[in-house]
Amino acid sequence: MRASEFLLSTLKETPSDAEVISHQLMLRAGLIRRVAAGIYNWMPLGLRVLRKVEQIVREEMERAGALELSMPVVQPGELWQESGRWDLYGPELCRLEDRHQRPFCLGPTHEEVITQIARSEVKSYKQLPLNLFQIQTKFRDEIRPRFGVMRSREFIMKDAYSFHIDQACQEQTYWRMHEAYTTIFRRLGLDFRAVEADTGAIGGNHSHEFHVLATSGEDAIAFSTDSDYAANVELAPAIPGPQEEAGDPEPLLEKFATPDMTTIEDLAEQLGIPAQRSIKTLLAKDAQGDLVALVVRGDHRLNAVKAAKLPGMLSPLVLAEAAEVKQRLGAGFGSLGPVGLPLRVVVDRTAASMPDFVCGANEDGYHLRGAIWRRDVPDCEVADIREIVNGDPSPCGHGTLEIRRGIEVGHIFQLGTKYSEAMAATVLDEQGRSQPMVMGCYGIGVTRIVAAAIEQNHDSKGIIWPTAMAPFDVAIVPLGMDKSDAVRDATESLYAACEAAGWSVLMDDRPERPGVKFAEVELLGIPVRVTIGDRSLAEGHLEITLRRSGETDMVAPEKATEAIRALLANQ
RNA sequence: CGGGGCGUAGCGCAGUCUGGUAGCGCACCACACUGGGGGUGUGGUGGUCGCAGGUUCAAAUCCUGCCGUCCCGACCA
């Protein structure tokens with residue numbers, strides 16, 4: 001590709017409405033342009049990247065035995081009513097009517113359509129298992145689209161759905177997809193982790209999210225320093241440290257005045273009580289609307305996902321209102337404690353291992369010290385309800401947990417028979433009995449991958465593409481091409497040689513100054529740059545510069561393609 | 001959905017408080033110089049000042065309504 005024939009729409013300045021680095025760089029490099037909130041054009045340069053990602057995803061899905069198909073973006077409301085999601089999905093589902101006032105929606109996902117396909121095409125267990133995928137535009141009317149294509153309303157997703165006669169077969173495909181995803185992200189050249197995730201409302205034995213690690217990620221994930229264990233922090237079990245020795249003699253329970261102190265920080269700052277020596281008591285509602293006390297150590301946070309899974313609790317977790325607490329218990333939020341509390345009390349395992357503790361006295365302006373679980377709160381339940389923190393022992397038994405941030409780019413889970421039952425997608429088994437098909441579902445955020453890759457791979461000059469995703473493999477930057485026949489000849493012959501070698505090449509044949517060309521190639525993040533100028537040509541070589549390291553090699557023109565091949569293979 | 005910010009040329013912004021009929025930098029076009037890191041000069045193109053209504057002799061500026069867009073928040077006691 002000659003730059004003079006391409007649409008390079010780079011910006012020197014950062015658009016003011018872009019906050020995160022990937023969004024800024026995607027706009028500056030001219031990969032995308034905004035059309036409306038959360039809706040973007042993919043410009044020629046950006047589309048090249050997108051297509052590369054899609055192609056790798058497609059190849060690995062096919063290698064793993066999945067078949068590509070294409071389902072519509074516009075879907076009949078009827079199908080969604082059948083699955084029950086027409087009423088459940090909420091305003092994220094963009095609904096519309098056709099000219100006959102029939103309900104339709106823009107597909108935020110395709111379970112309904114795929115299930116309809118399966119029930120009409122698959123009649124026998126002999127046709128199973130079946131794994132179908134598409135790379136398709138989705139629309140989710142997000143409350144708050146943000147971060148460019150990272151959380152946009154219209155986006156491209158690879159979604160695959162598998163159908164099975166039983167759970168065991170589904171598990172096999174599940175792990176095959178796990179492997180395929182691992183290969184995909186490795187081929188893309190991304191630093192990623194597969195992490196155990198919440199199986200959510202649908203259930204199933206497993207669910208894994210694939211995260212690209214980046215400090216700007218929206219999700220927190222925990223992983224072991226010494227093993228492959230990794231989990232979403234929502235899910236990772238919090239293991240108490242070694243049990244502390246009880247004081248001897250046992251401390252006495254003692255009430256003391258704490259005027260205007262209603263937070264753990266107040267106690268720490270004003271009375272010097274370390275947060276690790278106090279506990280905090282939160283109140284949530286159970287399914288009957290009764291209050292339940294949830295207790296964690298002062299320096300820990302409640303994990304709402306874990307707490308919601310306690311027997312009898314509302315899910316998602318609902319915390320109590322201040323007014324109700326005041327009325328029921330006669331004390332404000334900041335003065336609560338488990339001692340003598342006439343409620344069900346659930347204590348986090350780590351808090352329960354404290355030999356004694358400081359807590360609210362259930363009376364405004366007072367706290368208790370010297371409280372001991374066994375003696376003062378004999379009827380409490382103990383459970384894992386806190387958020388893990390850096391340095392917690394790993395649940396796998398090896399090493400400690402480290403928390404890092406990630407961008408979710410893939411998610412695989414087990415659907416069971418939720419949709420096949422709702423939509424009567426059944427097959428006959430070996431005994432001739434009708435069975436709902438067991439389903440799995442596997443998604444990859446294709447457009448999000450592009451942004452995530454930039455979050456992870458950039459510097460002050462711009463994007464640094466992993467080679468597999470780069471819009472061009474090689475940039476040829478001739479200097480003074482219009483003035484020098486030597487430069488022109490060397491450039492044209494290298495261009496032809498690179499094309500012949502099968503690389504995609506951007507040849508900057510524009511009459512721009514060198515600084516402009518260099519800055520642009522660096523902003524675009526093309527992995528290898530070949531600079532051709534009279535100066536170095538006179539000394540018998542071309543300059544080959546790597547985007548990532550900035551290193552430059554001097555190479556004889558006839559050895560150039562060989563050198564480029566080696567560099568591309570190494571990137 | 002709640003709170004806040006912003007809307008003036010393709011991009012970044014000033015001008016708004018204190019009303020007088022629109023400006024700067026970048027980009028773009030032409031020419032000249034320059035020619036290995038976003039160069040210099042001269043001359044240009046481009047704007048219903050988000051939209052609608054109101055106040056006024058006069059509105060980018062004041063008032064009202066609407067729209068768009070971005071950010072923050074939506075469990076921590």
Side-chain angles (χ1 to χ4, degrees), chain A residues 8-20 23-24 27-28 30 33-39 90-92 141-148 151 234 258 261-267 275 278-285 291 293-308 313-314 316-322 325-326 329 331-338 348 359-360 362 364 367 385-387 461-462 477-484 487 510-523 529 531-538 542-543 545 550 552:
Chain A
L8 285 176
S9 7
T10 56
L11 301 173
K12 219 187 236 185
E13 284 169 293
T14 302
S16 61
D17 52 6
E19 202 70 11
V20 297
H23 189 197
Q24 293 175 352
L27 289 168
R28 283 193 55 207
R33 287 288 181 259
R34 195 185 67 82
V35 179
I39 299 178
E92 226 174 87
D141 201 353
E142 295 273 351
I143 298 178
R144 189 181 154 205
R146 59 187 128 175
F147 308 147
R151 180 174 294 282
E234 290 178 353
T258 50
M261 297 180 212
T262 57
T263 66
I264 302 295
E265 289 74 43
D266 291 342
L267 291 176
S278 61
I279 56 159
K280 59 183 163 192
T281 306
L282 297 97
L283 296 181
K285 292 190 178 175
L291 296 178
L294 303 170
V295 179
V296 297
R297 206 170 75 183
D299 57 331
H300 287 152
R301 292 170 61 91
L302 180 71
N303 179 317
V305 174
K306 291 179 183 176
M313 297 304 289
L314 281 177
L317 194 69
V318 176
L319 290 186
E321 303 280 334
V325 169
K326 187 81 186 173
L329 303 172
F333 279 154
S335 304
L336 300 177
D348 177 66
C359 65
N362 297 321
D364 284 345
H367 277 73
I385 55 171
R386 75 167 166 94
E387 205 102 290
K461 293 172 177 172
V477 179
L479 305 177
M481 192 180 178
D482 50 337
K483 300 264 169 62
S484 161
V487 170
R510 299 170 306 167
E512 291 290 347
R513 300 173 62 82
V516 174
K517 294 184 177 184
F518 293 151
E520 209 132 88
V521 164
E522 280 155 357
L523 174 62
R529 180 183 95 202
T531 311
I532 303 177
D534 267 327
R535 188 189 293 176
S536 50
L537 222 42
L542 312 175
E543 296 156 48
T545 306
T552 298

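Below, read A as the first sequence line, B as the second, and so on, with proteins coming before strands; counting in each chain starts at 1. This one's a predicted model, so the numbers in the text were calculated from it and none came from an experiment. Computation of the quantities below employed the complete heavy-atom set of this structure, encompassing side-chain atoms and omitting hydrogens, waters and symmetry-equivalent molecules.
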Inset, instruction - Please determine, for B/rU64, whether a Watson-Crick or G-U wobble partner exists with both distances under 3.5 Å, and give it or none. - result: B/rA52
Legend entry - Inter-nucleotide P distance (B/rG12, B/rC6), Å rounded: 15 Å
Legend entry - base_contact_polar (B/rG35 base, A/Lys483 side chain, donor-acceptor, <3.5 Å): yes
Inset, instruction - State, yes or no, whether a side-chain contact exists between A/Arg386 and A/Leu302 at a heavy-atom distance under 4.5 Å. - result: no
Inset, instruction - With heavy atoms under 4.0 Å as the rule, sort A/Thr262 into base, sugar-phosphate or nothing. - result: sugar-phosphate
Legend entry - Nearest atoms (heavy-atom pairs only) where A/Lys517 meets A/Pro478: NZ-O, 2.8 Å
Inset, instruction - Report the distance from atom CG of A/Leu11 to atom P of B/rG12, rounded to the nearest whole Å. - result: 8 Å
Legend entry - B/rU42 - base-pair partner by Watson-Crick or wobble geometry, distances under 3.5 Å: B/rA30
Legend entry - Side chain of A/Pro15 (C-beta onward), nearest among B/rC76, B/rG36, B/rC11: B/rC11
Legend entry - G-U wobble or Watson-Crick pairing nucleotide for B/rA14 (cut-off 3.5 Å, both distances): none
Inset, instruction - Quote, to the nearest angstrom, the P distance that separates B/rU16 from B/rU61. - result: 12 Å
Inset, instruction - Compare the minimum distances between each of B/rG12, B/rG38, B/rG36 and the side chain of A/Pro514, then state the nucleotide with the smallest one. - result: B/rG36
Inset, instruction - Please report, rounded to the nearest Å, how far the C1' atom of B/rA27 is from the CD atom of A/Glu512. - result: 11 Å
Legend entry - Donor/acceptor link under 3.5 angstrom from A/Lys12 side chain onto base of B/rC26: no
Inset, instruction - Taking atom C1' in both B/rU45 and B/rC26, compute the distance separating them and give it to the nearest angstrom. - result: 15 Å
Inset, instruction - Report which part of the nucleic acid A/Gly533 touches: base, sugar-phosphate, or nothing (heavy-atom distance under 4.0 Å, all strands). - result: base
Inset, instruction - Quick one: look up who B/rC76 pairs with, Watson-Crick or G-U, both distances under 3.5 Å, and put none if it's unpaired. - result: none
Legend entry - Side chain A/Ser9 and base B/rG10 donor-acceptor under 3.5 Å: no
Inset, instruction - Taking atom P in both B/rC13 and B/rA32, compute the distance separating them and give it to the nearest angstrom. - result: 36 Å
Inset, instruction - Please work out if A/Arg28 contacts a base, only the sugar-phosphate, or nothing of the nucleic acid, heavy-atom cut-off 4.0 Å. - result: base
Legend entry - Side-chain donor/acceptor of A/Glu13 to base of B/rG25, under 3.5 Å: yes
Inset, instruction - Using whole Å, report how far CG of A/Leu523 lies from C1' of B/rC11. - result: 14 Å
Inset, instruction - Find out whether A/Thr531 and A/Thr552 are in side-chain contact, i.e. whether some heavy atom of one side chain is under 4.5 Å from a heavy atom of the other. - result: no
Inset, instruction - Would you kindly give the CG-to-P distance between A/Leu317 and B/rC76, to the nearest whole Å? - result: 12 Å
Inset, instruction - Check every strand shown and say whether A/Leu319 touches a base, only sugar-phosphate, or nothing at a heavy-atom separation below 4.0 Å. - result: base
Inset, instruction - Taking the side chain as every heavy atom from C-beta outward, state whether A/Arg510 and A/Leu8 have any atom pair closer than 4.5 Å. - result: yes
Inset, instruction - Take atom CG of A/Asp364 and atom P of B/rA77, then tell me their distance rounded to the nearest Å. - result: 15 Å
Between the protein and nucleotides 67-71 of chain B, which nitrogen or oxygen pairs come in under 3.5 angstrom?
residue: B/rU69; atom: OP1; partner: A/Ala37; partner atom: N; Å: 2.8

Inset, instruction - Find out whether A/Lys280 and A/Val295 are in side-chain contact, i.e. whether some heavy atom of one side chain is under 4.5 Å from a heavy atom of the other. - result: no
Legend entry - Close side-chain approach of A/Arg297 to A/Asp299, heavy-atom, < 4.5 Å: yes
Inset, instruction - Pick base, sugar-phosphate or nothing for A/Leu27, based on heavy-atom distances below 4.0 Å to the nucleic acid. - result: nothing
Legend entry - Whole-Å P distance, B/rA74 and B/rG47: 45 Å
Legend entry - A/Glu387 CD - B/rC75 C1' separation (whole Å): 11 Å
Inset, instruction - Please report, rounded to the nearest Å, how far the P atom of B/rA77 is from the CG atom of A/Leu329. - result: 17 Å
Inset, instruction - Identify the nucleotide, in any strand shown, that forms a Watson-Crick or G-U wobble pair with B/rG20, with both distances under 3.5 Å; if there is none, say none. - result: B/rC57
Legend entry - Inter-nucleotide C1' distance (B/rA9, B/rG4), Å rounded: 28 Å
Legend entry - Pairwise C1' distance, B/rG46 and B/rA22 [rounded to whole Å]: 14 Å
Legend entry - Polar pair under 3.5 Å, donor/acceptor by atom type, side chain A/Arg513, base B/rG39: yes
Legend entry - Min side-chain heavy-atom separation A/Pro15-A/Arg34 under 4.5 Å: no
Inset, instruction - Please measure how far the C1' atom in B/rC11 lies from the corresponding atom in B/rC1, and state the result in whole Å. - result: 33 Å
Inset, instruction - Could you check how far CZ of A/Arg510 sits from C1' of B/rG35, rounded to whole Å? - result: 16 Å
Legend entry - Closest-nucleotide ordering on RNA chain B, the 5'-leading residue of A/Val296 and A/Lys461: A/Lys461
Inset, instruction - Could you please spell out the steps behind the side chain to side chain contact (heavy atoms under 4.5 Å, CB included) verdict for A/Leu537 and A/Leu542? - result: CA-CA 6 Å; A/Leu537 222 42; A/Leu542 312 175; 3.5 Å; yes
Legend entry - Touch class at under 4.0 angstrom, heavy-atom based, for A/Thr14 against every strand present: sugar-phosphate
Legend entry - Validation row: A/Lys326, A/Asp364 side chains within 4.5 angstrom (heavy atoms): yes
Legend entry - Min side-chain heavy-atom separation A/Arg529-A/Glu522 under 4.5 Å: yes
